Amino acid sequence: MEIKAIRGFNDILPDEIGKWQFVEETVREVFEGFGFDEIRIPILEKTELFIRGIGEATDIVEKEMYTFTDKGGSSLTLRPEATASMARAYLEHKLFTFDPVAKLYCIGPMFRYERPQKGRYRQFYQIDAEVFGVANPVVDAEVILMLIHFLRQVGLEKLELQINSLGCRECRPRYREELRAFLSKKSFQLCEDCQRRLQANPLRIFDCKVQSCQETIVDAPKVSDFICKECDHHFNRVKEHLSMAGLEYVLNPKMVRGLDYYTRTAFEVVSYDLGAQNAVTGGGRYDNLFQEIGGRDIPGIGFAIGMERLISLLPKNKGLKRPLDLFIAVQGKDGKQDAFRIAHQLHLERIRAEFDYEEKSLKSQMRRADKLNARYVLILGEEELKKGRAILRNMANQSQEEIPLQELVQILGRKILRD
Ligand code: ATP
Ligand code: MG
């Protein structure tokens, strides 16, 4: 029987790859321009890192992790997100001794055991950016500005930036109790998961996608009414700096973000083209994460963009497949070696050239050139070859000219650039 890929795990085929490469190139350009450096972290970590870093009462840790025991008996987990690993790497390699401020980004696959559906997979890709070591609200604004600039650079338009403050260790416990008291009176309206969340972490109920839970939470107390003076001041400075940069935002007091470690600033960017799965990206500040995983008190802020969702929103003209520049068609038996030699010469100049490895009629070679969407065809005729010349045909307008083979690279280079 033919072996198929695992459900929720996708191949990204050559037809699509241009979009992925375009997005990745734009990430590098924009993020590095904002002073971020790339970091690559392992795909597998000790399970404990995610339990402590993400928090036990989260969807990820409760039900979405790919966890297994390896042959040595250690519990390992395929990374469901990148922030905890990036923080671990920052601590492990003492990056703070060089400079306390680290601006890092990372692109790669994440794994979550979710029910596969459109826009939701078991292996999916994220773009992550994190700033470690800055508690100042100015950096919150800077990170958000970079995110929005990036999304615009890839061509996204119908975007809405939503922000909220989640409070801190000082003020959130009181809010949590208020929320729990409010929801306890209505607990019969909550789904089974939320009944449990009510005890473990009632803020998570805001994230529930069940309709009756959403209705129950409509007039629940809002975290913004409970945040302490310091958190309020922090949030105001973030808003000030966003406005200073001319960035519009919407306050969303119900946005709490899925992970436990967030404190203060939280944000999401929503696209109007995505339907139910509408958050392309989310992030926030997490001033307690480092203590959870390593004991040091280091503030952090960052975001994660879902690549599949981002790519599904790209304008049609972005990241188009690279066309074949030239197909070399051979007339007669002796041209094969010339085709091989010319193709190699072009490959060294990064000109995409193909020819038929088997002997085929000119007609069949032209059909293949057409199917491959070649921009030009070089026809190597016996008579012309003797004079060191060949015919170059422009497939877009069918015009053709005879050219000296010696000048092929220059002529093609010019034409390909111009078209
Ligand atoms: P959701 O509420 O949709 O489950 P989340 O809170 O789990 O999102 P994050 O952990 O913040 O999402 O991840 C950031 C981004 O990664 C999301 O906005 C989304 O674009 C993407 N993402 C998350 N889970 C998946 C998945 N299973 N498949 C594809 N993309 C995903
Ligand atoms: Mg989720």
Side-chain angles (χ1 to χ4, degrees), residues 5-12 16 20 23 27 50 53-55 57-66 77-86 105-130 143-144 147-148 150-151 154 156 159-164 166 193-194 197 201 203-210 213-214 217 252 254-262 265-286 289 300-314:
I6 312 166
R7 221 161 90 83
F9 287 68
N10 300 316
D11 299 307
I12 301 156
E16 280 280 293
W20 288 74
V23 166
V27 168
F50 301 118
I54 300 173
T58 56
D59 280 357
I60 293 183
V61 172
E62 272 178 355
K63 38 186 192 194
E64 296 174 359
M65 295 212 298
Y66 268 94
T77 295
L78 285 173
R79 62 182 190 196
E81 56 111 54
T83 310
S85 308
M86 282 159 84
Y105 76 90
C106 161
I107 309 174
M110 304 297 153
F111 303 85
R112 294 187 196 173
Y113 196 81
E114 299 204 68
R115 198 167 68 77
Q117 53 189 290
K118 196 175 176 312
R120 206 170 272 286
Y121 311 105
R122 290 182 169 176
Q123 173 174 336
F124 63 99
Y125 288 74
Q126 280 188 343
I127 300 160
D128 278 85
E130 314 288 344
V143 164
I144 294 174
L147 171 61
I148 299 293
F150 164 74
L151 294 173
V154 295
L156 263 55
L159 299 173
E160 183 178 278
L161 167 66
Q162 301 186 352
I163 57 173
N164 192 20
L166 305 182
D193 276 344
C194 285
R197 289 176 184 140
N201 187 357
L203 265 77
R204 302 292 334 284
I205 298 175
F206 282 108
D207 259 357
C208 183
K209 289 170 182 94
V210 176
C213 297
Q214 281 298 319
I217 207 111
N252 178 357
K254 293 212 180 74
M255 186 237 302
V256 298
R257 309 282 311 127
L259 314 184
D260 262 6
Y261 53 56
Y262 286 111
T265 317
F267 53 91
E268 275 184 5
V269 181
V270 172
S271 155
Y272 292 115
D273 300 330
L274 268 190
Q277 255 80 52
N278 64 2
V280 209
T281 165
R285 179 166 277 287
Y286 41 88
L289 169 71
I301 177 161
F303 59 77
I305 306 173
M307 290 240 317
E308 284 82 357
R309 291 182 207 178
L310 178 64
I311 280 166
S312 71
L313 291 173
L314 285 188

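Numbering of residues begins at 1 and proceeds along the displayed sequence. Atoms within a ligand are numbered from 1 in the order they appear, just like the ligands themselves. Here the structure is a predicted model, which is why all the values come from computation and not from measurement.
- Classification of the Y125-W20 ring pair by plane angle, with boundaries at 30° and 60°, yields perpendicular.
- Legend: residues meeting side-chain hydrogen bond (donor to acceptor under 3.5 Å, both in side chains) with Q214, ordered by chain and number and at least two apart, are absent.
- Of all the atoms in ligand 1, the ones that sit under 4.0 Å from a non-hydrogen atom of Q126 are 13 (O), 14 (C), 15 (C), 16 (O).
- Comparing R122, Q117, E64, R120 against atom 4 (O) of ligand 1, the shortest heavy-atom distance belongs to R120.
- Only side-chain heavy atoms of K209 come within less than 4.0 Å of ligand 1; its backbone N, CA, C and O stay farther off.
- Only the side chain of E114 comes within 4.0 Å of ligand 1, counting heavy atoms alone; its backbone N, CA, C and O stay farther away.
- On a distance-only criterion, V280 and ligand 1 share at least one N/O pair closer than 3.5 Å.
- Atom OH of Y66 sits in a crowded spot, with more than 12 heavy atoms from other residues, nucleotides or ligands closer than 6.0 Å.
- Using a 4.0 Å cut-off between heavy atoms, L310 makes no contact with ligand 1 at all.
- Classification of R204 and D193 as a salt-bridged pair fails, no side-chain N sitting under 4.0 Å from a carboxylate O.
- Separating the CG atom in L161 from the CG atom in N252 is a distance of 10.5 Å, to the nearest 0.5 Å.
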Yes or no on side-chain contact (heavy atoms from CB on, under 4.5 Å) for Y286 and T83, after CA distance, side-chain angles and deciding distance?
CA-CA 10 Å; Y286 41 88; T83 310; 3.6 Å; yes

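- Closest to atom 10 (O) of ligand 1 by heavy atom, among R112, R115, M110, E268, is R112.
- Close contacts between ligand 1 and G306 involve ligand atoms 15 (C), 16 (O), 20 (O), 21 (C) [criterion: under 4.0 Å to a heavy atom].
- For the pair N10/Y121, a side-chain contact is recorded, criterion being any heavy-atom separation below 4.5 Å from C-beta on.
- Counting heavy atoms closer than 4.0 Å to ligand 1, residue E81 contributes nothing at all.
- G119 counts as a contact of ligand 1, since one of its heavy atoms falls under 4.0 Å from the ligand.
- Applying the 4.0 Å criterion to heavy atoms of T281 picks out, from ligand 1, the atoms 18 (O).
- Taking the salt bridge (Lys or Arg N to Asp or Glu O under 4.0 Å) definition, one finds that E64 meets it with nothing, sequence neighbours left out.
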